[in-house]
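One-based numbering along the sequence shown. Ligands are counted one by one from 1 in listed order, and the atoms in each one are counted from 1 as well.
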Amino acid sequence: MDVQWFPGHMLKTQRLIQESRDKVDVFLEVVDARAPLATANPLLLSLIGDKPRIVLLNKTDLCDSHVLVRWKAWFDTQPQTTSLAISCKERKNLPALRKVTDAVCRSRKWYGLRRVRAMIVGVPNVGKSTLLNALAGGYKASTAPKPGHTRGLQRVNVDDHLDLLDTPGILWHKFEDPAVGVRLALLGSIKDEILSALDLVRELCRFLAESYPKSVERIFGPEAVWAYPALFESNPAWETALWAQLEVWGKKRGMLKHGGHVDWDRLSQSVLSDFRTGKMGHFSLEVPPAG
Ligand SMILES: Nc1nc2c(ncn2[C@@H]2O[C@H](COP(=O)(O)OP(=O)(O)OP(=O)(O)O)[C@@H](O)[C@H]2O)c(=O)[nH]1
Ligand SMILES: [Mg+2]
């Protein structure tokens with residue numbers, strides 16, 4: 001699946017980040033803890049120059065906690081980078097952010113004389129505006145469960161220690177690895193209209209069968225034979241078994257159109273929504289690179 005999506009406002013934001021670099025002390029890059037590399041923007045390090053980056057692994061309430069520990073350790077080995085695992089929804093670990101910004105800025109000559117200026121950046125829908133609201137208290141920035149929601153810059157004084165700047169989400173032009181595009185789409189960082197929902201359901205089921213086979217039976221029932229390793233070897237047989245079982249599963253749940261046929265649009269939206277909101281369970285879509 002080849003994914004291309006780069007609206008004009010993202011190009012503008014890219015320029016803005018570059019232009020604001022000298023006025024910012026530290027960049028807070030929010031990534032989705034379920035796919036921290038796919039949601040980290042590879043352009044960012046070149047945009048922010050030598051400024052420090054704090055990677056905030058957000059939505060930890062939705063990810064696989066074992067994989068999260070490995071990701072945190074991996075990010076801490078990256079240049080100019082410190083990482084922190086948080087959940088804006090559950091307000092988990094947010095007070096620790098102050099300690100981390102302090103540690104990163106303490107050696108600067110202006111430290112203690114003025115507020116730390118931090119810019120929140122990241123791909124769409126990872127929770128940048130939600131983070132700003134959680135830190136500032138109250139509803140300062142609008143949020144939505146869809147990508148490309150924030151359009152302009154927003155500055156907020158959090159307290160006498162921190163100034164925050166929220167930015168619209170930015171993507172990069174072309175995803176060289178198609179798996180990255182699929183992960184971004186599964187997490188809702190790419191508009192749903194860009195990829196077919198049924199293709200995404202197939203990719204999600206393939207991933208679950210490979211990485212979390214035991215969860216498949218819990219989610220889709222014991223009839224989900226497409227998660228059996230033997231069947232998984234042969235792609236046409238695997239896909240045939242997948243659609244046949246999902247058809248029965250959808251019918252049982254009353255997802256029907258006129259004539260008693262399964263409503264595939266409704267079924268795929270329901271499967272994707274259950275995955276995105278954590279109703280299916282806690283999953284991580286990728287593990288840290290080896291080495
Ligand atoms: N489960 C969960 N949901 C979260 C968390 N943080 C944010 N969200 C949800 O993620 C969705 C996107 O949040 P936003 O804050 O609008 O994301 P954004 O990064 O500002 O998105 P753009 O402005 O489109 O770039 C919203 O539905 C939030 O409620 C979290 O820690 N856990
Ligand atoms: Mg936003």
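- For the Mg ion (ligand 2), protein N/O/S neighbours under 2.8 Å (waters excluded) are Ser129 OG, Thr150 OG1.
- Nearest non-hydrogen protein atom to atom 19 (O) of ligand 1 is Lys128 NZ, 2.7 Å.
- Residue-environment remark: CZ (Arg155) stays at or below the threshold of 12 foreign heavy atoms within 6.0 Å.
- Where the criterion is an N or O separation shorter than 3.5 Å, residue side chain and backbone included, Pro168 fails it with respect to ligand 1.
- Atom 26 (C) of ligand 1 has as its closest protein heavy atom Ala144 O, 3.6 Å.
- When the options Arg117, Arg106, Arg114 are evaluated for a salt bridge (charged side-chain N to carboxylate O under 4.0 Å, His left out) with Asp25, the one that passes is Arg114.
- Aromatic ring orientation, Phe275 versus Phe283: parallel (interplanar angle below 30°, classes split at 30° and 60°).
- The shortest distance between side-chain heavy atoms of Val248 and Glu223 does not fall below 4.5 Å.
- Counting heavy atoms closer than 4.0 Å to ligand 1, residue Asp166 contributes nothing at all.
- Side-chain contact between Ile120 and Leu131 is present, with at least one heavy-atom pair separated by less than 4.5 Å.
- Scanning the protein heavy atoms around atom 24 (O) of ligand 1, the nearest turns out to be His149 N, 2.7 Å.
- For atom 28 (C) of ligand 1, the nearest protein heavy atom (residue, atom name, distance) is Thr130 OG1, 3.6 Å.
- Scanning the protein heavy atoms around atom 31 (O) of ligand 1, the nearest turns out to be Cys88 N, 2.9 Å.
- A continuous path of hydrophobic side-chain contacts links Val116 to Leu164 [ILVMFWY only; heavy atoms under 4.5 Å].
- We find that Asp199 and Arg202 are joined by a salt bridge, their nearest charged nitrogen and carboxylate oxygen being less than 4.0 Å apart.
- Annotation for ligand 1: atoms under 4.0 Å from non-hydrogen atoms of Lys146 are 24 (O).
- The protein atom (non-hydrogen) at minimum distance from atom 12 (C) of ligand 1 is Asn125 OD1, 3.0 Å.
- Of the possible polar contacts, one joining the Gln80 side chain to the Gly49 backbone as a donor-acceptor pair under 3.5 Å is found.
- Side-chain atoms of Asp61 and Ser87 form a donor-acceptor pair, as typed in the model, at a separation below 3.5 Å.
- For atom 17 (O) of ligand 1, the nearest non-hydrogen atom of the protein is Gly127 N, 3.2 Å.
- Using a 4.5 Å heavy-atom threshold, the side chains of Lys51 and Met119 count as separate.
- For Ser129, a nitrogen or oxygen atom sits less than 3.5 Å from a nitrogen or oxygen atom of ligand 1, counting backbone and side chain alike.
- One side chain, Glu239 or Trp243, offers a donor N or O that lies under 3.5 Å from an acceptor on the other.
- The minimum heavy-atom distance between Trp226 and Ala241, with the atom names listed, is CD1-O, 3.9 Å.
- Remark: minimum distance from atom 2 (C) of ligand 1 to any protein heavy atom is reached at Asp61 OD2, 3.5 Å.
- Here atom 8 (N) of ligand 1 lies nearest to Lys59 when heavy atoms of Lys89, Lys59, Lys92 are compared.
- Within a 6.0 Å sphere centred on NZ of Lys89, other residues, nucleotides and ligands contribute 12 heavy atoms or fewer.
- Residue contact check for ligand 1: Ser87 places a non-hydrogen atom closer than 4.0 Å to it.
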